[in-house]
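Each remark here refers to the structure printed beneath this line.
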Amino acid sequence: MAYTAKDYSKLIGMNGFSETLLKNHFTLYQGYVTNTNKVLDTLMEMLSEGKTAAPEFAELKRRLGWEFNGMRLHEFYFENLGGKGGIGKDGKLAKKMAEDFGSYETWEKAFKAVGAMRGIGWAGLYQDSANGKLLNFWINEHDVGHPASCNLILIMDVFEHAFMIDYGLKRADYIEAFFKNINWAAAEARLK
Ligand SMILES: [Fe+2]
């Protein structure tokens, strides 16, 4: 069954994110959904036509990881936005952050530092399903660096398209705006 793009237009009006920026971002996201479906369909056709040894099959299969993660990471991203107010310090996510990083503030500093790294990609907070530990990771582009067997708790897009329209090169200002709009309830619900 084909993937369908979700509607995140309820995020329009968030402080620190212009309508133009968000609408452009939604359009980019829809492109990942379209291309994920296209790549999956073409791969199935090639399979049925016996073309799996062709270099085109290998290249498209590699492409799938990029398009699919481009789709799914944007869904996690838009779903962990639209909140108001900071994290509840007595909630289970803040408590877990304090346990694994020493304090919520230390986690926040560590996560922002990942987001400020040069390059295009994502800053992600994951929970290792093997031991429950929280870890921050840098994801290069959409597909490189995902930790195996870890669940995504919070994701922040730091591709230029996520902020340049509103902030130019001031990525740190975008990161501050992102933090003001985190939907902590959505992030906490992903915690096991
Ligand atoms: Fe994006």
Side-chain angles (χ1 to χ4, degrees), residues 2-40 59-84 87 107-108 110-127 135-147 150-190:
Y3 290 99
T4 309
K6 296 178 183 177
D7 177 14
Y8 296 108
S9 55
K10 65 171 189 217
L11 294 177
I12 292 169
M14 268 195 308
N15 274 338
F17 289 76
S18 69
E19 184 170 341
T20 306
L21 180 137
L22 285 172
K23 282 188 170 169
N24 275 294
H25 212 166
F26 298 154
T27 302
L28 274 170
Y29 155 63
Q30 287 152 11
Y32 288 111
V33 179
T34 303
N35 278 11
T36 296
N37 289 327
K38 250 186 223 169
V39 170
L40 284 169
E59 288 309 304
L60 256 190
K61 200 68 181 173
R62 288 193 176 93
R63 182 84 185 179
L64 179 62
W66 194 81
E67 299 286 2
F68 183 93
N69 281 296
M71 170 181 74
R72 186 55 46 79
L73 290 180
H74 279 103
E75 290 169 352
F76 273 85
Y77 173 73
F78 293 132
E79 282 158 24
N80 65 217
L81 275 171
K84 285 182 180 67
I87 192 168
W107 168 81
E108 185 182 303
F111 188 85
K112 285 178 173 172
V114 177
M117 283 166 52
R118 288 167 64 80
I120 49 172
W122 303 77
L125 168 66
Y126 290 79
Q127 184 179 32
L135 300 156
N136 293 326
F137 279 87
W138 170 263
I139 307 304
N140 218 50
E141 300 240 351
H142 303 308
D143 51 339
V144 179
H146 287 286
C150 293
N151 297 317
L152 192 51
I153 306 297
L154 181 76
I155 194 91
M156 178 170 67
D157 193 340
V158 287
F159 273 69
E160 272 88 0
H161 67 245
F163 61 88
M164 273 200 91
I165 292 171
D166 291 348
Y167 296 98
L169 290 172
K170 293 176 182 160
R171 193 194 283 214
D173 291 354
Y174 155 71
I175 292 174
E176 289 308 311
F178 172 86
F179 263 79
K180 287 193 179 90
N181 290 285
I182 294 174
N183 182 342
W184 285 111
E188 192 166 283
R190 296 169 183 161

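By convention here, the first residue in the shown sequence is residue 1. First listed ligand is number 1; within each ligand, the first listed atom is number 1.
Aromatic pair H74/W122: centroids less than 6.0 angstrom apart. Aromatic pair Y77/Y29: ring centres not closer than 6.0 Å.
Both tests hold for K112 against F179: distance to the six-membered ring centre under 6.0 Å, angle to the ring axis within 45°.
Geometry about the Fe ion (ligand 1) gives an angle of 100° between NE2 of H74 and NE2 of H25, rounded in steps of 10 degrees.
The N, O or S atom of H161 lying closest to the Fe ion (ligand 1) is NE2. For the Fe ion (ligand 1), the nearest N, O or S atom contributed by D157 is named OD2.
Using a cut-off of 4.0 Å between Lys/Arg side-chain N and Asp/Glu carboxylate O, R63 and E59 are scored as not salt-bridged.
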